[in-house]
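Working notes, structure below.
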Amino acid sequence: QGQALAQLILRQETAELPGLGLSLLPGPTGFVQQPGRRWRLNPSYLPLQLLPALARDTGDARWQQMAPASLELLVRSAPQGISPDWTVYDTEAGFLTDDRGEEKGRGGYNAIRTYLWAGLLAPQAAGRARLLQALAPMAAIVGRDQAPPEYIHPRTLEIEGQGPAGFSAALLPFLQAQGAGKALETQRQRLRAQPLRPTAYYEQCLALFGIGWMRGDYAFSADGQLLLPWHKG
């Protein structure tokens with residue numbers, strides 16, 4: 001079933017974007033704004049560690065071929081180090097603000113996953129250093145404000161509200177990867193003072209990944225292999 005799903009994604013949810021390369025689309029329909037010219041994309045749908053793993057497990061090199069375009073999307077859609085929920089790629093203008101979407105071009109409940117996936121990359125993973133450097137401003141903002149923003153505009157850096165506790169949980173691996181020890185401890189303290197609500201499904205999912213990784217429940221190798229405690233040795 002996994003092999004069939006992987007092939008379905010390659011067949012229906014990828015496109016060759018001129019100037020970028022083979023890229024993952026958010027879905028099979030509705031994301032081509034101008035055929036051959038403009039697409040709507042979601043950076044948080046691109047955990048880089050999955051691409052080499054899928055290439056290895058499916059034997060289809062197209063998954064690995066998506067890695068360069070995916071890294072370019074993650075870096076270039078965040079020109080000031082702040083990832084948007086959605087972005088628009090134009091073959092002539094590059095990455096543009098998705099001001100038509102309901103998120104109004106901001107980074108919030110989608111974008112928080114972009115920092116999470118970056119934090120989960122193995123130290124030797126391809127593209128990790130460049131991605132962490134590109135997204136470092138978010139670590140500085142969290143350190144300054146002692147909480148993640150709920151919404152932040154990637155170009156103006158305008159902030160609206162504090163993110164919920166689940167955002168703090170999601171950022172723990174990212175802050176550790178950035179070497180932001182003070183900000184990391186502040187978010188741990190925030191989680192102790194403001195525990196996640198049991199009924200907050202999305203926050204619980206973010207915490208499952210963020211806190212689980214910090215606890216050593218799982219990790220990824222440089223080539224994307226899932227590493228579990230009972231597989232050690």
Side-chain angles (χ1 to χ4, degrees), residues 17 20-21 23-27 31 39-51 66-90 93-121 125-145 147-164 166-180 183-184 187 202-203 205-206 209-210 213:
L17 274 53
L20 195 61
S23 301
L24 182 70
L25 302 181
F31 299 100
W39 293 261
R40 187 173 188 243
L41 305 170
N42 190 311
S44 74
Y45 288 12
L46 296 168
L48 293 179
Q49 47 271 79
L50 297 190
L51 300 177
M66 277 191 276
S70 299
L71 180 60
E72 289 300 316
L73 187 158
L74 290 167
V75 171
R76 290 167 56 191
S77 67
Q80 297 197 69
I82 304 301
S83 186
D85 282 352
W86 292 87
T87 188
V88 172
Y89 176 70
D90 185 281
F95 288 95
L96 306 172
T97 300
D98 177 41
D99 51 13
R100 296 183 186 177
E102 63 181 60
E103 294 83 3
K104 301 177 183 177
R106 301 172 300 180
Y109 285 79
N110 279 268
I112 194 67
R113 297 193 302 262
T114 299
Y115 310 103
L116 171 62
W117 307 146
L120 301 183
L121 285 166
R128 178 180 184 265
R130 183 183 174 202
L131 182 57
L132 289 176
Q133 181 179 17
L135 298 178
M138 174 54 86
I141 289 171
V142 174
R144 180 195 70 195
D145 296 346
E150 183 175 25
Y151 297 103
I152 179 170
H153 199 287
R155 297 189 185 276
T156 66
L157 303 184
E158 180 182 356
I159 290 174
E160 297 178 42
Q162 283 191 349
F167 279 32
S168 292
L171 286 178
L172 296 179
F174 174 74
L175 294 172
Q176 179 162 294
Q178 292 284 1
L184 175 62
Q187 296 317 295
Y202 185 55
E203 289 186 62
C205 290
L206 294 174
F209 281 99
W213 187 89

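Numbers for residues simply follow the sequence, beginning at 1. It should be emphasised that the depicted structure is a prediction, and the values quoted were computed from it without experimental measurement.
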Inset, instruction - Enter the distance from L17:CG to E72:CD here, rounded to the nearest 0.5 Å. - result: 12.5 Å
Legend entry - Side-chain touch I152/M138, heavy atoms, less than 4.5 angstrom: yes
Inset, instruction - Provide the closest heavy-atom pair for I82 versus P137 in the form atom of the first, atom of the second, distance. - result: CD1-C, 4.5 Å
Legend entry - Donor-acceptor contact present, side-chain D85 to main-chain G108, <3.5 Å: yes
Legend entry - Gap separating the CG atom of D99 from the CZ atom of R106, nearest 0.5 angstrom: 12.5 Å
Legend entry - Main-chain N/O of L132 paired to Q178 side chain as donor or acceptor, under 3.5 Å: yes
Inset, instruction - Could you tell me whether a side-chain N or O of Y151 sits under 3.5 Å from a main-chain N or O of K104, the two making a donor and an acceptor? - result: no
Legend entry - Side chain to side chain, F31 and W86, heavy atoms closer than 4.5 Å: yes
Inset, instruction - Output all residues satisfying ring pair (Phe, Tyr, Trp, His ring centres under 6.0 Å) with F209, sequence neighbours left out; order by chain, then residue number. - result: W117
Legend entry - Validation row: L120, P47 side chains within 4.5 angstrom (heavy atoms): no
Inset, instruction - Work out which heavy atom in A183 is nearest to a heavy atom in A139; give both atom names and the distance. - result: CB-O, 4.5 Å
Inset, instruction - Calculate, to the nearest 0.5 Å, the distance between atoms CG and CG belonging to L41 and L74 respectively. - result: 10.5 Å
Legend entry - Least distance between heavy atoms, S70 atom then L48 atom: CB-CD2, 3.7 Å
Inset, instruction - Would you confirm whether Y89, through its side chain, and L73, through its main-chain N or O, come within 3.5 Å as a donor-acceptor pair? - result: no
Inset, instruction - Please report the closest heavy-atom contact between S168 and P148, naming both atoms and the distance. - result: OG-CD, 3.5 Å
Inset, instruction - Over 60° means perpendicular and under 30° means parallel, so classify the ring planes of Y109 and Y202, tilted if in between. - result: tilted
Inset, instruction - Using the side chain to side chain contact (heavy atoms under 4.5 Å, CB included) rule, pick out the option among L184, L116, I112 that qualifies with L171. - result: I112
Legend entry - Nearest-0.5 Å distance that lies between atom CG in L131 and atom OH in Y115: 10.0 Å
Inset, instruction - Look only at the side chain of S23 and the backbone of G21, and say whether a donor-acceptor pair between them is shorter than 3.5 Å. - result: yes
Legend entry - Side-chain heavy atoms of N110 within contact of Y45, under 4.5 Å: yes
Legend entry - Heavy-atom pair of closest approach, residues R128 and L121: NE-O, 3.3 Å
Legend entry - Spacing of I159 atom CD1 and E150 atom CD [to the nearest 0.5 Å]: 11.5 Å
Inset, instruction - Side-chain contact test, heavy atoms from C-beta onward, threshold under 4.5 Å: evaluate it for W39 versus L20 and give yes or no. - result: no
Inset, instruction - Measure the shortest side-chain to side-chain distance between T97 and H153 over non-hydrogen atoms and say whether it is less than 4.5 angstrom. - result: yes
Inset, instruction - Please report the closest heavy-atom contact between A118 and F174, naming both atoms and the distance. - result: CB-CD1, 4.5 Å
Legend entry - Any S83 side-chain heavy atom under 4.5 Å of P154 side chain: no
Legend entry - Exceeds 12 heavy-atom contacts within 6.0 angstrom, atom CD of Q133: no
Legend entry - D145 side chain vs A147 backbone, donor-acceptor pair below 3.5 Å: no
Legend entry - CZ (R130) with more than 12 external heavy atoms under 6.0 Å: yes
